[in-house]
Amino acid sequence: MITDIYLKDITDITYDNKQIETYNEIESLISQIKMILYTKQGNVIGDYNFGCNIEEYLFTFNLNEDELKYKIMNQIQTYCPISANYNINIDVKFFQGTLRDICLIDIYIENEKMIGLLIK
């Protein structure tokens, strides 16, 4: 059984302010993936490869959706060992915004959308 720190955001509708640990493997996997997505590469002392730098990719003109999917999946496979137990799919779409480009990232675990990230 997996035990992990409860990292659910207070804005999540399923947030429980009395819970400090989680025993749910999917919840732990989601938390680990969010850590990867929200961490800039180079910010973790001891492992400067951890993190995705997603906002910086919006300004990289030669990066396409498939390359960003690959970068995210590579991070998940490297830093989330329990991800090997699940079918994970990533959908990335770029849109032209008024001030800057917009990126929509959806992450599916076992064909259910678990993480949606909009970066503007």
Side-chain angles (χ1 to χ4, degrees):
M1 175 179 8
I2 190 164
T3 303
D4 206 349
I5 298 171
Y6 184 73
L7 297 175
K8 203 171 270 192
D9 189 88
I10 196 167
T11 60
D12 190 315
I13 60 171
T14 61
Y15 175 77
D16 180 2
N17 67 347
K18 296 181 176 117
Q19 189 172 352
I20 59 173
E21 293 179 331
T22 184
Y23 305 100
N24 183 315
E25 195 170 77
I26 296 273
E27 254 186 52
S28 293
L29 178 59
I30 291 168
S31 294
Q32 291 172 7
I33 293 171
K34 285 181 178 180
M35 288 289 224
I36 289 168
L37 293 173
Y38 298 138
T39 302
K40 283 187 175 184
Q41 208 166 34
N43 283 1
V44 176
I45 296 173
D47 193 343
Y48 295 105
N49 292 319
F50 182 90
C52 277
N53 291 341
I54 292 175
E55 285 192 37
E56 292 177 21
Y57 291 133
L58 289 177
F59 298 109
T60 304
F61 297 111
N62 60 352
L63 184 75
N64 65 38
E65 294 161 343
D66 289 333
E67 289 173 312
L68 185 53
K69 282 185 211 178
Y70 173 79
K71 289 179 183 292
I72 294 169
M73 186 57 83
N74 188 28
Q75 285 282 314
I76 291 171
Q77 290 171 340
T78 302
Y79 295 104
C80 303
I82 59 175
S83 68
N85 300 336
Y86 298 94
N87 177 27
I88 298 174
N89 292 304
I90 301 170
D91 187 32
V92 175
K93 291 186 177 99
F94 290 112
F95 302 97
Q96 185 174 2
T98 53
L99 297 176
R100 61 187 255 188
D101 289 342
I102 298 168
C103 181
L104 177 63
I105 300 170
D106 291 322
I107 299 179
Y108 298 85
I109 301 172
E110 298 299 328
N111 298 318
E112 186 175 339
K113 182 177 167 183
M114 296 292 187
I115 299 171
L117 185 61
L118 178 68
I119 303 164
K120 322 187 218 186

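In this chain, residues are counted from 1 in sequence order.
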Within this structure, what is the [atom1]-[atom2] distance for the pair [X] and [Y], rounded to the nearest 0.5 Å?
X: Leu29; Y: Asn85; atom1: CG; atom2: CG; answer: 9.0 Å
X: Leu37; Y: Ile72; atom1: CG; atom2: CD1; answer: 6.0 Å
X: Ile115; Y: Ile105; atom1: CD1; atom2: CD1; answer: 10.0 Å
X: Ile119; Y: Phe94; atom1: CD1; atom2: CZ; answer: 8.5 Å
X: Ile36; Y: Met73; atom1: CD1; atom2: CE; answer: 10.5 Å
X: Met35; Y: Phe50; atom1: CE; atom2: CZ; answer: 7.0 Å

Practice problem: Decide yes or no on side chain to side chain contact (heavy atoms under 4.5 Å, CB included) for Asn49 and Thr78, but give the supporting numbers first. | Solution: CA-CA 10 Å; Asn49 292 319; Thr78 302; over 6 Å; no
Practice problem: Evaluate the side-chain proximity of Gln32 to Tyr79: yes if any heavy-atom separation is below 4.5 Å, no if none is. | Solution: no
Quiz item: Got Ile90 and Ile76 here, is their nearest side-chain heavy-atom distance under 4.5 Å?
Solution: yes
Exercise. Tell me whether Ile26 is reachable from Ile82 by hopping between hydrophobic residues (I, L, V, M, F, W, Y) whose side-chain heavy atoms are closer than 4.5 Å.
Key: yes
Exercise. Would you kindly confirm whether Met114 and Tyr108 end up in one hydrophobic cluster when ILVMFWY residues are joined by side chain heavy atoms under 4.5 Å apart?
Key: no
Practice problem: Dump the intermediate steps for side chain to side chain contact (heavy atoms under 4.5 Å, CB included) on Leu68 and Cys103, then the final yes or no. | Solution: CA-CA 10 Å; Leu68 185 53; Cys103 181; 3.9 Å; yes
[X] side chain to [Y] backbone, donor-acceptor under 3.5 Å:
X: Gln77; Y: Asn74; value: no
X: Glu110; Y: Asn87; value: yes
X: Gln75; Y: Ile33; value: no

Quiz item: Quick one: side chain to side chain contact (heavy atoms under 4.5 Å, CB included) partners of Tyr38, sequence neighbours excluded?
Solution: Lys34, Leu117
Self-check item: Residues which pass side chain to side chain contact (heavy atoms under 4.5 Å, CB included) with Ile45, listed by chain and number, not counting sequence neighbours
Solution: Tyr48
Self-check item: salt bridge (charged side-chain N to carboxylate O under 4.0 Å, His left out) partners of residues 87-98, not counting sequence neighbours, each pair once
Solution: Asp91-Lys93
Self-check item: Over all atoms of both residues, closest heavy-atom pair of Cys80 and Ser83
Solution: O-OG, 2.7 Å
